[in-house]
Undergrad: 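For reference, the structure I am asking about is given below.
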Amino acid sequence: MIQDIAPKKLDNQYKPSAEPMDDSVVFVFDARTVLVRQDEGKLFPTFAQLGRPDGCVYLFTIGKKAFFLLLSEERPTIPEGFAFEPIKNIRRNKEAKLPSFYAFYTALHLYGWYRTNRFCGVCGQPTVLDTKERASTRPSASVSCTMERFF
């Protein structure tokens, strides 16, 4: 639960202009799998370990650590020692401790939201990320569509 990350604090204010630093954690999902380390060490890759890919979206900060989600349609170069594993395996992973465990499940939830809202549910047009809040918008108005924003 959120209270279990004390003394660290969660900052989930939407920051669309936030850029990942080399040590920022980047979650990479592919269907029902997630990229994780196969040996000892931090469970999830950093921005630098992934080769500083484009398409990272800011999720939140816990303490001073920023977390991002890779939304690129292209798979990044998988660093040595990492592989995609089923999401259900994370629960059993001994390295998945709070706050990393909390961060993972929050990132998974947001990944699902971003994937679900890639297209307008009314007219089917592709959406783009909003610049002011965590929402998707249609880049151009459609005469047959009344939806403007998806939260």
Side-chain angles (χ1 to χ4, degrees), residues 1-5 8-37 42-79 82-91 93 95-96 98-151:
M1 297 305 232
I2 187 72
Q3 68 272 15
D4 295 327
I5 67 170
K8 297 179 180 180
K9 295 195 186 272
L10 170 72
D11 176 8
N12 64 351
Q13 180 180 357
Y14 185 59
K15 300 174 186 174
S17 61
E19 294 289 329
M21 306 294 283
D22 282 349
D23 67 341
S24 297
V25 174
V26 178
F27 291 100
V28 183
F29 294 98
D30 185 13
R32 298 298 298 167
T33 63
V34 62
L35 187 63
V36 295
R37 180 181 293 281
K42 298 290 183 185
L43 187 59
F44 302 105
T46 64
F47 185 61
Q49 288 172 322
L50 290 173
R52 298 172 185 83
D54 292 329
C56 291
V57 175
Y58 173 79
L59 297 177
F60 48 83
T61 302
I62 296 178
K64 294 183 180 182
K65 177 70 73 179
F67 294 83
F68 288 80
L69 174 64
L70 184 61
L71 282 183
S72 174
E73 293 297 321
E74 296 179 25
R75 251 189 171 182
T77 302
I78 299 174
F82 285 84
F84 283 91
E85 288 210 11
I87 290 168
K88 66 182 181 178
N89 290 358
I90 301 304
R91 183 175 292 261
N93 190 304
E95 297 296 324
L98 293 173
S100 294
F101 194 66
Y102 170 77
F104 166 72
Y105 276 102
T106 303
L108 177 61
H109 170 78
L110 289 169
Y111 165 71
W113 182 87
Y114 280 114
R115 296 284 301 166
T116 301
N117 291 289
R118 290 184 307 156
F119 299 96
C120 175
V122 175
C123 67
Q125 289 185 18
T127 61
V128 295
L129 299 179
D130 193 80
T131 58
K132 296 179 183 171
E133 59 189 333
R134 196 176 307 275
S136 293
T137 61
R138 285 183 301 103
S140 60
S142 171
V143 176
S144 64
C145 186
T146 58
M147 296 300 293
E148 292 181 19
R149 196 170 265 154
F150 305 91
F151 301 95

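Position 1 is the first residue of the sequence, and the numbers go up from there.
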Undergrad: Do the side chains of T106 and L59 get nearer than 4.5 Å, heavy atoms only?
TA: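 L59 vs T106: side chains apart.
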Undergrad: Within a strict 4.5 Å, meaning less than it, do heavy atoms of the D22 and R52 side chains meet?
TA: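 Yes, close enough: below the 4.5 Å cut-off.
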Undergrad: If every non-hydrogen atom of A103 is compared with every non-hydrogen atom of I62, which pair is closest and at what distance?
TA: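 Heavy atoms only, the tightest pair is CB-CD1, 4.1 Å.
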Undergrad: Locate the shortest heavy-atom distance separating F84 from L35; write the atom from each residue and the value.
TA: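 Closest approach of F84 to L35: CD2-N, 3.7 Å.
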Undergrad: Calculate, to the nearest 0.5 Å, the distance between atoms CG and OG1 belonging to N117 and T137 respectively.
TA: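 One finds 11.0 Å between CG of N117 and OG1 of T137.
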Undergrad: Looking at A66 and Y58, what are the two nearest heavy atoms and their distance?
TA: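 Between these two residues, the closest heavy atoms are CB-CE1, 4.5 Å.
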Undergrad: Please name the pair of heavy atoms, one in L129 and one in S136, separated by the smallest distance, quoted to 0.1 Å.
TA: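 Where L129 meets S136 most closely, the heavy atoms are CD2-OG, 4.4 Å.
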Undergrad: When rounded to the nearest 0.5 angstrom, what is the spacing between OG1 in T116 and OH in Y111?
TA: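 These two atoms lie 9.5 Å from each other.
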Undergrad: Verify the distance criterion only: is there a donor paired with an acceptor across the side chains of R134 and Y114 at less than 3.5 Å?
TA: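 Their side chains do contain a donor-acceptor pair, which is all the 3.5 Å distance test asks for.
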Undergrad: So which of L70, L50, L69, V28 actually passes side-chain contact (heavy atoms from CB on, under 4.5 Å) with C56?
TA: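 Considering L70, L50, L69, V28, a side-chain contact (heavy atoms from CB on, under 4.5 Å) with C56 is found only for L70.
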Undergrad: Rounded to the nearest 0.5 Å, what separation is found between the OG1 atom of T33 and the CD1 atom of I87?
TA: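 Separation between the atoms: 6.5 Å.
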Undergrad: Would a distance-only check, ignoring hydrogens and angles, find a side-chain to backbone donor-acceptor pair under 3.5 Å from K65 to D23?
TA: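 Present.
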Undergrad: How far apart are the C-alpha atoms of F44 and V36, what are their side-chain angles, what is the distance that settles it, and do they pass the side-chain contact (heavy atoms from CB on, under 4.5 Å) test?
TA: CA-CA 5 Å; F44 302 105; V36 295; 3.7 Å; yes
Undergrad: Take the angle between the ring planes of F60 and Y102 and call it parallel below 30°, perpendicular above 60°, tilted in between.
TA: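 Rings of F60 and Y102: tilted, 30 to 60°.
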Undergrad: Do F82 and Q49 have side chains that approach each other closer than 4.5 Å (heavy atoms only, starting at C-beta)?
TA: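 Heavy-atom side-chain distance check passes, below 4.5 Å.
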Undergrad: Is a side-chain donor or acceptor of T127 paired with a backbone partner of R118 at a separation under 3.5 angstrom?
TA: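 Judged by distance alone, yes, a pair lies under 3.5 Å.
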Undergrad: Using modelled atom types only, decide if a donor and an acceptor are shared between the side chain of D130 and the backbone of E133 within a distance under 3.5 Å.
TA: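 Yes.
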Undergrad: Does atom CG (D54) have a neighbourhood of more than 12 heavy atoms from anything else shown, all under 6.0 Å?
TA: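 Not buried by this count: 12 neighbours or fewer within 6.0 Å.
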Undergrad: Could you pull out the closest heavy-atom pair between F119 and G124, with the gap in Å?
TA: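 Nearest heavy atoms, F119 then G124: CD2-O, 3.6 Å.
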Undergrad: For the residue pair F104 and F27, categorise the inter-ring angle as parallel (less than 30°), tilted (30 to 60°) or perpendicular (more than 60°).
TA: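 Because their plane-to-plane angle lies in the 30° to 60° range, the rings of F104 and F27 count as tilted.
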Undergrad: To the nearest 0.5 Å, how far apart are OG1 in T46 and CE in M21?
TA: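 Between T46 OG1 and M21 CE, I get 12.0 Å after rounding to 0.5 Å.
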